[in-house]
Novice: 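Quick one: structure below, then a few questions.
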Amino acid sequence: MPTFHTPPIQPMAIAFDAEKLTLTPEGPTLTRRMSDLEGLFLDHDAWKAAAEGDNPVVYTVVSSPVPEIDRELPQSITTIMPGDTSGELWMTKGHQHPNHQGEIYLALTGRGGLLMFDGERTEWLDMLPGTIGYIPPGWAHRSINTGDEPYAFLAVYPGGAGHDYGWVLEHGMGSRAYRGADGSADLRPYTTAS
Ligand SMILES: O=P(O)(O)OC[C@H]1O[C@H](O)[C@H](O)[C@@H](O)[C@@H]1O
């Protein structure tokens, strides 16, 4: 048997309910409201009005108990509500893995997009139920609800990957996703308010 500096957790079964969007047993959960998304939407005034108004839940993340530590493979289900802020579709904060490690997403319900940016190149993947989106090492990633229903996806990622949110605030994501006329996302070049 190999020896580890930090002993791994025990093998375990985790019940995955694709309809209720739960993992059982459950680990940490996260609720992000509009006020948690400062500096991300282009229209700061619209963001501020929403954050200081009813401050809606934009997305939730439920996790299994597998810890975010090196060599483990945690899983989580993120559910993004439908909506937009001055036309810019509701989204996750987005982050870069400081350790440059990959991640996979499996789309579960609704309709979404996976926006990736490596500092120079931007990639967009349409995410429909059953789509596996692969995020290679070095690509910052943000998920976006492009539909009218909640968009949910399962993520599996290296426990030591980390979440660098400052990278996205500094470099942006290459594009911004707006509500398109035909129900698809209208991708526009990333700009910031002057
Ligand atoms: O961390 P955010 O950019 O807010 O994205 C929300 C979540 O998306 C996925 O589920 C990732 O695996 C999580 O690690 C992340 O927390």
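Computed from a predicted model, the values in this text were never measured in an experiment. Just so you know, ligand 1 is whichever comes first in the structure, and atom 1 is the first atom listed for that ligand.
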Novice: Anything under 3.5 Å between a donor and an acceptor, one on a side chain of residues 102-110, the other on a protein residue two or more places apart or in another chain? List them.
Specialist:
from, atom 1, to, atom 2, distance (Å)
Glu103, OE1, His97, NE2, 3.0
Glu103, OE1, His141, NE2, 3.2

Novice: Is any side-chain heavy atom of Trp90 less than 4.5 Å from a side-chain heavy atom of Pro82?
Specialist: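 No - every pair of side-chain heavy atoms lies 4.5 Å or more apart.
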Novice: Please enumerate all residues that pass side chain to side chain contact (heavy atoms under 4.5 Å, CB included) together with Val57, with sequence neighbours excluded.
Specialist: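 Side chain to side chain contact (heavy atoms under 4.5 Å, CB included) list for Val57, sorted by chain: Thr31, Arg33, Thr60.
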Novice: Considering residues at least two apart in sequence or located in another chain, which fulfil the ring pair (Phe, Tyr, Trp, His ring centres under 6.0 Å) criterion with Tyr165?
Specialist: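 Result, ring pair (Phe, Tyr, Trp, His ring centres under 6.0 Å) vs Tyr165: His95, His163.
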Novice: Is there a side-chain contact between Arg111 and Tyr151, using heavy atoms and a 4.5 Å cut-off?
Specialist: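 No - every pair of side-chain heavy atoms lies 4.5 Å or more apart.
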Novice: Tell me if the CD atom of Glu26 is crowded by more than 12 foreign heavy atoms within 6.0 Å.
Specialist: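 Correct, the count exceeds 12.
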Novice: Non-hydrogen atoms closer than 4.0 Å to ligand 1: which protein residues do they belong to? List them by chain and number, please.
Specialist: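 Lining ligand 1 at under 4.0 Å, by heavy atoms, one finds Arg32, Tyr59, Val61, Ser76, Thr78, Thr92, Lys93, Gly94, His95, Glu103, Tyr105, Phe153, Ala155, Tyr157, His163, Tyr165.
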